[in-house]
**Student:** 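Before anything else, here's the structure in question.
Remember, predicted model here, so these are calculated numbers, not experimental data.
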Amino acid sequence: GAVVSQHPSWVICKSGTSVKIECRSLDFQATTMFWYRQFPKQSLMLMATSNEGSKATYEQGVEKDKFLINHASLTLSTLTVTSAHPEDSSFYICSASSTKDSYEQYFGPGTRLTVT
Amino acid sequence: QKEVEQNSGPLSVPEGAIASLNCTYSDRGSQSFFWYRQYSGKSPELIMSIYSNGDKEDGRFTAQLNKASQYVSLLIRDSQPSDSATYLCAVRASGYSTLTFGKGTMLLVSP
């Protein structure tokens, strides 16, 4: 149980375009989903927290107009990187949790974004 | 500010030995504690969670929690080369849904 999927697993896009990443909880209802970014050889950096049907809560320093998060249902959240630039190239990872599991977070496999 | 500290390593152990990974945290209000394993280029995988003082065992893994000392550890018995990865300690404070992650300890198990 507790499987989280992400799509796509990798994406290459041109500077100035937008990219959407999907995160799905496959076998449980995720009351909360999280979006992280990880640069090479660095730790996870939480970008935002989203609850189904509510606006996302962004961490300090994360531009909410650039990283659009939608949590439309208990099994789906999306992250859209708008007007991407090369410095947005990173490993984006979502996680999901259900209060039934005492806030354990289960991670998706991640999406590697390269902006050229 | 909530902080979670881990030795970055690498921690090198021979195959079959016990690997001991340590983590300290600053927020006394922390309620939930997790260990994640992350292979290079992959996302983290939850391997242990612990919520009360004492030991919790799952197969070759044992998590130990001491809230008075604000200390949590992970023991890996009979270490295997496939255990070579970065181990992340994560802590959740009461009333919060977010986790605070340490920077991780790299474990290298040599055959």
**Student:** Taking atom NZ of B:Lys42 and atom CD1 of A:Ile93, what is their separation to the nearest 0.5 Å?
**Tutor:** 11.5 Å
**Student:** If two hydrophobic side chains count as joined below 4.5 Å and joins carry through other members, does A:Tyr92 share a cluster with A:Val11?
**Tutor:** yes
**Student:** Taking side chain as everything from C-beta outward and backbone as N, CA, C, O, which of these in A:Gln42 sits under 4.5 Å from a heavy atom of chain B? Side chain, backbone, both or neither.
**Tutor:** neither
**Student:** Measuring heavy-atom distances to chain B, does A:Thr32 have an atom under 4.5 Å in its side chain, in its backbone, in both, or in neither?
**Tutor:** side chain
**Student:** Within the supplied structure, the quantity of interest is the number of heavy atoms (other residues, nucleotides, ligands) at a distance under 6.0 Å from A:Lys55 NZ; does it exceed 12?
**Tutor:** no
**Student:** Quick one: CG on B:Leu46 to OG on A:Ser95, what's the gap to the nearest 0.5 Å?
**Tutor:** 10.5 Å
**Student:** With rounding to the nearest 0.5 angstrom, report the OG to CD distance, A:Ser43 to B:Gln38.
**Tutor:** 7.5 Å
**Student:** Answer yes or no: does atom NE2 of A:His7 have more than 12 heavy-atom neighbours from other residues, nucleotides or ligands under 6.0 Å?
**Tutor:** no
**Student:** If hydrophobic clusters are built from ILVMFWY residues whose side chains come within less than 4.5 Å, do A:Met47 and A:Met33 share one?
**Tutor:** no
**Student:** I'd like to know whether NZ of B:Lys67 has more than 12 heavy-atom contacts from other residues, nucleotides or ligands below 6.0 angstrom.
**Tutor:** yes
**Student:** So, for A:Arg112 and B:Gly41, which heavy atoms are closest and what is the spacing to 0.1 Å?
**Tutor:** NH2-O, 3.5 Å
**Student:** Near B:Met106 CE, under 6.0 Å, is it more than 12 heavy atoms from other residues, nucleotides or ligands?
**Tutor:** no
**Student:** Considering all heavy atoms of both residues, which atom of A:Gly108 and which atom of B:Ser43 are nearest to each other, and what is their separation?
**Tutor:** O-OG, 2.6 Å
**Student:** Surrounding NZ of B:Lys103 (heavy atoms of other residues, nucleotides or ligands, distance under 6.0 Å), is the total greater than 12?
**Tutor:** no
**Student:** Nearest 0.5 Å, what's the OG-CD distance between B:Ser49 and A:Gln105?
**Tutor:** 12.5 Å
**Student:** Taking atom CZ of A:Phe107 and atom OH of B:Tyr36, what is their separation to the nearest 0.5 Å?
**Tutor:** 5.0 Å
**Student:** In Å, rounded to the nearest 0.5 Å, how long is the span from OG1 of A:Thr49 to CG of B:Leu99?
**Tutor:** 9.5 Å
**Student:** I'd like to know which of B:Gly104, B:Ser40, B:Pro44 tops the heavy-atom pair count under 4.5 Å against chain A.
**Tutor:** B:Pro44
**Student:** Can you establish whether the number of heavy atoms outside A:Tyr58 located under 6.0 Å from its atom OH is more than 12?
**Tutor:** yes
